[in-house]
Amino acid sequence: MAGTSGFSVSGYGPRRTGWARLAARDSALRKLDWPLLLSAVALSLIGSMLVYSATRNRTALNGGDPYYFLVRHLMNTGIGLALMAGVLWLGHRTLRGAVPILYGLSILLMLAVLTPLGSTINGAHSWIVIGGGFSVQPSEFAKITILLGMAMILASRVDAGDTEHPDHRTVAKALALALVPMTVVMLMPDLGSVMVMAVIVLGCLLASGSPKRWILGLIGAGVVGAVAVTALGILDQYQINRFAAFANPDLDPAGVGYNTNQARIAIGSGGLLGKGLFHGSQTTGQFVPEQQTDFVFTVAGEELGFLGAGFILLLLGVVLWRACRIARESSELYGTVVAAGIIAWFAFQAFENIGMTLGIMPVAGLPLPFVSYGGSSMFAVWMAVGLLQSIKVQRPIGV
């Protein structure tokens, strides 16, 4: 009988019963990396409190609505979770076949920034304003297309069983793919995003087992490129000033060094337990600029103290630990390289963001993953989590 055999009445082949579909969904949920997911959600929720604390009194930013940034941060988190679910549903293997389309769209969006459609926000000409208070930063999504594209190329022959490691020609193709979007972003110029992309490239090469000469050559090229960029005057003056302030913290403390000095004061004043959420004098007094985005960690340091800030670091550590485990246990090089690129991305961006608030890294305008306010960044990191979950689940195409 059709009801007991599992075959459709029309005779078109097997179908799943209601119980089988529920069992399949339950199995997929069990396979998810829950420590990774819950840690990322916790970071976003903690970020919502920090964003609210940093913006509730800033009427010039919130237009008199103290909940303006809080609501948007939670909305961005919700959209990010939906995007993660969408990426997981599609599967990283399906996206592997869509890389050429995604790569082309990414390049077109970044080129659009260089046209009159592009806008400058906080000194960086790397945005497209959509309207209604919404804007998009294409370079955030370019990070995903770079790691997907490099993984596709580097793993193509290895996963097919033709070779054990990528050869020189394969590595050259992967680097050429990454060089195009990095060049476009450098023309904006958005130095912070270029730095993250370079680290993603390095992480992908290391995970793929590429020849060491390419790794050393890439590092050397990065040093030469940094010198050339400075000598040719590609960087804007405000970016040069940031590096000057990092090299000499006492340089113009009321000007280019103001952000870093105020950030260090805020974090240092928190002590072990902090001054209490919503009770930070530096935060309430609005002394730290861009505190809801690039300098959101200063709110944690001042109001939650060393223990609260340390808990954020612990959650970030859990995310990276689970991502490392996913990369190690992947059954294919493609999944390993994608996961490695995400690890390099999250680790470097978190280190740079927190480091610049402590004065040990130059100010580069990079948000803290999952915590800082910003739609494009939030969407991109949650899509990356979707890729990690897909690699963990190893969902076959079409199921």
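Bear in mind the structure is a predicted one, so any value in this text is a computation, not a measurement. Heavy atoms only: backbone and side chains are in, while hydrogens, waters and symmetry mates are out.
Side-chain contact, H92 with E332: a donor N or O sits under 3.5 Å from an acceptor N or O. Residues T298 and Q282 bring no donor and acceptor atom of their side chains to less than 3.5 Å of each other. Between the side chains of S53 and E303, at least one donor N or O lies within less than 3.5 Å of an accepting N or O. R58 and Q292 share no side-chain donor-acceptor pair at under 3.5 Å.
Geometrically, R56 does not engage Y67 in a cation-pi contact, judged by NZ or CZ lying under 6.0 Å from the ring centre and within 45° of the ring axis.
A 4.5 Å side-chain heavy-atom check between L148 and Y334 finds at least one atom pair inside the cut-off. Side-chain atoms of F297 and I267, non-hydrogen and from C-beta on, do get closer than 4.5 Å to each other. Counting heavy atoms from C-beta outward, T183 and V180 have side chains that stay 4.5 Å or more apart. Counting heavy atoms from C-beta on, the side chains of M186 and L191 come closer than 4.5 Å. With contacts defined as side-chain heavy-atom distances shorter than 4.5 Å, the pair V337/L205 does not qualify. Side chains of I146 and P181 form a contact here, defined as non-hydrogen atoms less than 4.5 Å apart. The closest side-chain heavy-atom distance from P362 to M356 is not below 4.5 Å. Residues L387 and L95 meet the side-chain proximity criterion, which asks for heavy atoms closer than 4.5 Å.
When each of F370, W321, W382 is paired with F346, the ring-ring contact (aromatic ring centres under 6.0 Å, His included) condition holds for F370 and for no other. Checking M182, M150, Q349, K143 one by one against I200, the side chain to side chain contact (heavy atoms under 4.5 Å, CB included) holds for a single residue, K143.
The hydrophobic clustering, which links ILVMFWY residues whose side-chain heavy atoms are closer than 4.5 Å, places L81 and V385 together. Linking ILVMFWY residues whenever their side-chain heavy atoms come closer than 4.5 Å, directly or via other members, leaves L32 and V318 in distinct clusters. Linking ILVMFWY residues whenever their side-chain heavy atoms come closer than 4.5 Å, directly or via other members, places L218 and I153 in the same cluster. Connection of W34 to L43 is established within a shared hydrophobic cluster, with ILVMFWY side chains joined at heavy-atom distances below 4.5 Å, either directly or through further cluster members. In the hydrophobic cluster analysis, where Ile, Leu, Val, Met, Phe, Trp and Tyr join through side-chain heavy atoms closer than 4.5 angstrom, L179 is grouped apart from I215.
Note that OH of Y103 and OG1 of T145 are 7.5 Å apart. Values are rounded to the nearest 0.5 Å. Between I326 atom CD1 and D33 atom CG the span is 4.5 Å, to the nearest 0.5 Å. Here OG of S39 is found 12.5 Å from CD1 of I312. Values are rounded to the nearest 0.5 Å. Remark: W214 CH2 to T170 OG1 distance equals 10.0 Å, nearest 0.5 Å. Atoms CG and CZ, from L109 and F141 in turn, are 8.5 Å apart once rounded to the nearest 0.5 Å. Of the inter-residue distances, the one linking I101 atom CD1 with S106 atom OG reads 13.5 Å to the nearest 0.5 angstrom.
Residues M110 and V185 share a closest heavy-atom pair of SD-CG2, 3.4 Å. Shown here for F351 and M361, the closest heavy-atom pair between the two residues is CE2-SD, 3.6 Å. Looking at every heavy atom in both residues, L315 comes nearest to A42 through CD1-CB, 3.9 Å. Heavy atoms only, all atoms of each residue included: G203 and A344 are closest at CA-CB, 4.2 Å. The two atoms that bring L388 and A323 nearest to each other are CD1-CB, 3.9 Å, heavy atoms only. The minimum heavy-atom distance between A207 and L333, with the atom names listed, is O-CD1, 3.8 Å.
A donor-acceptor contact shorter than 3.5 Å links the side chain of T357 to the backbone of I354. Within the 3.5 Å criterion, the main-chain N or O of T283 finds a donor-acceptor partner in the side chain of E302. Side chain of K392 to backbone of K31: a donor-acceptor contact under 3.5 angstrom is found. At least one donor-acceptor pair under 3.5 Å links the side chain of N76 to the backbone N or O of R72. No donor-acceptor pair closer than 3.5 Å links the side chain of S135 to the backbone N or O of I128. Side-chain N or O atoms of S330 include none that pairs as donor or acceptor with a backbone N or O of A327 at under 3.5 Å. Without hydrogens or angle criteria, H73 side chain to V71 main chain gives no donor-acceptor distance under 3.5 Å. In this structure, T284 contributes its side chain and S281 its backbone to no donor-acceptor pair below 3.5 Å. Without hydrogens or angle criteria, S390 side chain to L88 main chain gives no donor-acceptor distance under 3.5 Å. A donor-acceptor pair under 3.5 Å is absent between the side-chain atoms of S44 and the main chain of V41, judged by distance alone.
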- Run the salt bridge (Lys or Arg N to Asp or Glu O under 4.0 Å) check on R157 and D167 step by step: do they pass? CA-CA 9 Å; R157 296 187 62 194; D167 56 20; 2.5 Å; yes

- Message: One pair to check against side-chain contact (heavy atoms from CB on, under 4.5 Å): M188 and V113. What are the steps and the verdict?
- Response: CA-CA 8 Å; M188 293 179 183; V113 174; 4.1 Å; yes

- Message: Applying side-chain contact (heavy atoms from CB on, under 4.5 Å) to F311 and I46, what does each step give before you reach the verdict?
- Response: CA-CA 10 Å; F311 184 64; I46 292 173; 3.8 Å; yes

- Go through the steps for V51 and L70 under the test side-chain contact (heavy atoms from CB on, under 4.5 Å), then give the verdict. CA-CA 6 Å; V51 167; L70 171 63; 5.8 Å; no

- Could you go through the side-chain contact (heavy atoms from CB on, under 4.5 Å) check for F379 and I79 one step at a time? CA-CA 7 Å; F379 302 159; I79 295 174; 3.5 Å; yes

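More than 12 heavy atoms of other residues, nucleotides or ligands shown are found within 6.0 angstrom of CG on L313.
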